[in-house]
Amino acid sequence: MFGAIEAGGTKFVCAVSDEKLEIIEKVSIPTETPDVTMAAVFGFFDQYELKSMGVGSFGPIDVNEKSDTYGYITSTPKIKWQNYNFLGALKTRYGVPIAWTTDVNAAAYGELTYGAGKGKQSCIYLTIGTGVGGGGVVNGQLLQGFGHPEMGHIRVTRLEGDTFSGVCPYHGDCVEGLVSGPALEKRTGQKGQTLAEDDPVWKIQANYIAQALMNYTLVLSPEAIILGGGVMQQAHLFSLIHEEFEKVINGYVSYPELDKYILPTGLGSNSGIIGCLQLAKEKLESLSN
Ligand SMILES: Nc1ncnc2c1ncn2[C@@H]1O[C@H](COP(=O)(O)OP(=O)(O)OP(=O)(O)O)[C@@H](O)[C@H]1O
Ligand SMILES: [Zn+2]
């Protein structure tokens, strides 16, 4: 059996699957302190005989195998999780091979293998929710090196007349600071869910997102950019983003047809967990080859 954990800032989704990645059981555990949450995580996985695991975690995390703190959650604003040896705790408990990456890299992997990026060699997955996070796969490999991408924290050009200061505790008006769910709420005084489709804020939102996607396009030239997270439940945002993307990139580089290039997830809210299961499977295969 394969085990998977999609560890998020609000909840940990844990699942086990058979060899064909059919999910046998899946649970959601609130993210509290490591003691409380990990006790529940162990309570779930202890019921099964695991062969390997895949973990996609919120972060920042240490993904550098040469580092002494490989497998740790590092500088998260969640104080109790700072410098927590997440991978170590799982290894000690289960003694099986474990694939370790960011939640968004895992989601990109899930989408590339079975979702909106199926059949491609590369894609980016960007979630726009409580935070903005991006992961990716290039030539079939997860995007990680010394560290991992933090695509939500890049800067974009401010629109004329927009004086909103942004909500990122580190950078103010980085992309996360400008377009995350909490940013939308602070800017408008109401939650994204309750805003009308014709509210002018969506165009601002679409422009900043499009600028970010232009930057990813220019740096990585992925075959698809998949957008998920709470804010992207606003389906009308896709066509606005397409329009703004065309404007900001201004014909400089070519890219696939827009509705096949910047598109919603194929796996809904399961991208991350499926990516983790696939990573668990491949981790085991890589060791037996
Ligand atoms: N339908 C919607 N339209 C607009 N905004 C939404 C919608 N649903 C949720 N949001 C906003 O998205 C945010 C929550 O994001 P999400 O549902 O992706 O959860 P999350 O897992 O906490 O996010 P993250 O991936 O950053 O941890 C909230 O700020 C919420 O107001
Ligand atoms: Zn930031």
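Keep in mind it's a predicted model, so treat the numbers as computed, not measured. Note: hydrogens, waters and symmetry copies are ignored here, and every other heavy atom, side chains too, is used. Atoms within each ligand, like the ligands themselves, are counted from 1 in listed order.
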What protein heavy atom sits nearest [atom], and how far away is it?
atom                    : value
atom 29 (O) of ligand 1 : Gly181 CA, 3.2 Å
atom 18 (O) of ligand 1 : Gly230 N, 2.8 Å
atom 1 (N) of ligand 1  : Gln233 CB, 3.5 Å

So how far is it from [X] [atom1] to [Y] [atom2], rounded to the nearest 0.5 Å?
X      : Y      : atom1 : atom2 : result
Thr101 : Tyr109 : OG1   : OH    : 10.5 Å
Glu244 : Ile262 : CD    : CD1   : 11.0 Å
Glu111 : Ser271 : CD    : OG    : 4.0 Å

Taking only heavy atoms of [X], which atoms of ligand 1 are found under 4.0 Å from at least one of them?
X      : result
Thr10  : 21 (O), 22 (O)
Gln234 : 1 (N), 2 (C), 3 (N), 4 (C)
Thr127 : 25 (O)
Gly131 : 26 (O)
Gly192 : 3 (N), 4 (C), 5 (N)

When only distance counts, is [X] in polar contact with ligand 1, meaning an N/O pair under 3.5 Å?
X      : result
Gly229 : no
Gln193 : yes
Lys11  : no

**Fill in**
Residues passing the salt bridge (Lys or Arg N to Asp or Glu O under 4.0 Å) test with Lys191, sequence neighbours excluded, are Glu185
**Fill in**
Under 2.8 Å from the Zn ion (ligand 2), protein N/O/S atoms total 4
**Request:** Run the salt-bridge test on Asp199 and Arg187 with the 4.0 Å N-O cut-off and return the result as yes or no.
**Result:** no
**Message:** List the residues meeting side-chain contact (heavy atoms from CB on, under 4.5 Å) with Ser75, not counting sequence neighbours, and say none if there are none.
**Reply:** Pro60
**Complete:** Closest non-hydrogen contact found for Ser28 with Lys11 is OG-CD, 3.3 Å
**Prompt:** Is a side-chain donor-acceptor pair under 3.5 Å present for Ser67 with Asp62?
**Reply:** yes
For residues 116-129, dump all side-chain donor-acceptor pairs below 3.5 Å to protein atoms at least two apart in sequence or in another chain.
| from | atom 1 | to | atom 2 | distance (Å) |
| --- | --- | --- | --- | --- |
| Ser122 | OG | Glu223 | N | 3.1 |
| Ser122 | OG | Glu223 | OE2 | 2.8 |

**Request:** Between Thr130 and ligand 1, find which residue part has any heavy-atom pair under 4.0 Å and reply side chain, backbone, both or neither.
**Result:** both
**Heavy-atom gap Pro182 to ligand 1 smaller than 4.0 Å** = yes
